[in-house]
Novice: 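Quick one: this structure, given as structure tokens, is what I'll be asking you about.
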Amino acid sequence: MRRMAMHTVATLPRLSSTELSQILLSNSSSNLDASTAPSKIAIVDVRDDDHIGGHIRHSIHAPSHTLDHKIPELVQKLKGKETVVFHCALSQQRGPSAALRYIRERERLLGASAKTKMDSGSGVGEVMLKNKELDSEGKGEDTDKEWEDVDEEGKAQKVYVLDRGFVGWQERYGEDPRLTEGYRKEIWKEGYWM
């Protein structure tokens, strides 16, 4: 009988909005302006009706009420990503629960090859260093296509929860069009309303 690693909401590592912004900005600037998402990281926004007033640029909207059928699809779609970050409005319930469901489903579907790195560190330095190495090798934009074709089986994936969720994100980066799309300041002027 195969034994799965025991992950809990309490053991899920958190990523601060500052760390996530550094990762996103360390990708080539043209990628942030492009219609395609960064190749090595995925951000999954599980807000439901409160998915208004903006979202993190290039994030995937997967409302929490759809996760029963969306999680297996996300596992397949994101299996080549090095890092996956989940969030909801505050990242207290829906975001962490979605991350946990994703990890468990990933292990179930991909079996022993589904290594999930649960380091307490953010890995920001690692990602930024890798992006810098790719840029210095002259592989900037073209690497997006190459990375998609590489077999990622057996490679560990880092799964995080965005600390303080979109509420914390918009306080710092809501008005930064490089990082946030569809931001509506008037919605947030009184704080989080839900």
Novice: Is the gap between the ring centers of H51 and H61 under 6.0 Å?
Specialist: yes
Novice: Atom CG in D48, atom OG in S64: separation rounded to 0.5 Å?
Specialist: 3.0 Å
Novice: Minimum heavy-atom separation for S91 to P96, with atom names?
Specialist: O-CG, 3.5 Å
Novice: Do NZ/NE/NH1/NH2 and the carboxylate oxygens of R108 and E105 come within less than 4.0 Å?
Specialist: yes
Novice: List in chain and number order the residues that pass side chain to side chain contact (heavy atoms under 4.5 Å, CB included) with A98, two or more places apart in sequence or in another chain; answer none if no residue qualifies.
Specialist: V46, L67, F86
Novice: Has R14 got its NZ or CZ under 6.0 Å from the middle of the six-membered ring of Y160, at an angle within 45 degrees of the ring axis?
Specialist: no
Novice: Would you say the side chains of T18 and R172 form a donor-acceptor pair under 3.5 Å?
Specialist: yes
Novice: Are the side chain of T180 and the backbone N or O of P177 linked by a donor-acceptor pair below 3.5 Å?
Specialist: no
Novice: Side chains of R47 and H87, heavy atoms from C-beta outward: is any pair under 4.5 Å?
Specialist: yes
Novice: May I ask you to decide whether D176 forms a salt bridge with R57, counting only side-chain N to carboxylate O separations under 4.0 Å?
Specialist: no
Novice: Between Q170 (side chain) and V167 (backbone), is there a donor-acceptor pair under 3.5 Å?
Specialist: yes
Novice: Is it true that E73 and K70 have a side-chain N and a carboxylate O under 4.0 angstrom from each other?
Specialist: yes
Novice: So do V84 and I43 actually touch side chain to side chain, heavy atoms under 4.5 Å?
Specialist: no
Novice: Got a second to check how far Q76's CD is from I71's CD1, nearest 0.5 Å?
Specialist: 12.5 Å
Novice: Hey, does F166 have a side-chain heavy atom less than 4.5 Å from the side chain of Y173?
Specialist: no
Novice: Applying ring pair (Phe, Tyr, Trp, His ring centres under 6.0 Å), run through Y183 and W169 and close with a yes or a no.
Specialist: CA-CA 11 Å; Y183 185 68; W169 175 269; over 10 Å; no
Novice: Report the C-alpha separation of Y102 and E107 in whole Å, then their side-chain angles, then the decisive distance to 0.1 Å, and conclude whether the side chain to side chain donor-acceptor pair (under 3.5 Å) test is met.
Specialist: CA-CA 9 Å; Y102 174 84; E107 289 173 346; over 6 Å; no
Novice: State whether the side chain of Q157 and the backbone N or O of L78 hold a donor-acceptor pair below 3.5 Å, judged by distance alone.
Specialist: yes
Novice: Once rounded to the nearest 0.5 Å, what's the spacing between atom CG of L74 and atom NZ of K81?
Specialist: 12.0 Å
Novice: Any idea which heavy atoms bring T66 and P63 closest together, and the distance?
Specialist: OG1-O, 2.7 Å
Novice: Nearest 0.5 Å, please: how far is CG in L100 from CG in L12?
Specialist: 5.5 Å
Novice: Looking at every heavy atom in both S17 and G168, which two are closest together, and how far apart are they?
Specialist: OG-O, 4.3 Å
Novice: Answer whether the closest heavy-atom distance between the side chains of L24 and I56 falls below 4.5 Å.
Specialist: yes
Novice: About how many Å separate CG of D45 and CD1 of I60, when rounded to the nearest 0.5 Å?
Specialist: 10.0 Å
Novice: If I compare all heavy atoms of S16 with all of D163, which pair ends up nearest, and what's the gap?
Specialist: CA-CB, 4.2 Å
Novice: Regarding D50 and R94, does a basic nitrogen lie under 4.0 Å from an acidic carboxylate oxygen?
Specialist: yes
Novice: Is there side-chain contact between E82 and I41, with heavy atoms separated by less than 4.5 Å?
Specialist: no
Novice: Are K185 and E175 ion-paired here, with the side-chain N under 4.0 Å from a carboxylate O?
Specialist: yes
Novice: Spell out, as yes or no, whether a donor-acceptor pair under 3.5 Å connects the side chain of S97 to the backbone of Q93.
Specialist: yes
Novice: Report the distance from atom NZ of K79 to atom CG of L110, rounding to the nearest 0.5 Å.
Specialist: 6.5 Å
Novice: Do L179 and L25 have side chains that approach each other closer than 4.5 Å (heavy atoms only, starting at C-beta)?
Specialist: yes
Novice: Check whether any side-chain heavy atom of S59 sits under 4.5 Å from a side-chain heavy atom of V44, and report yes or no.
Specialist: no
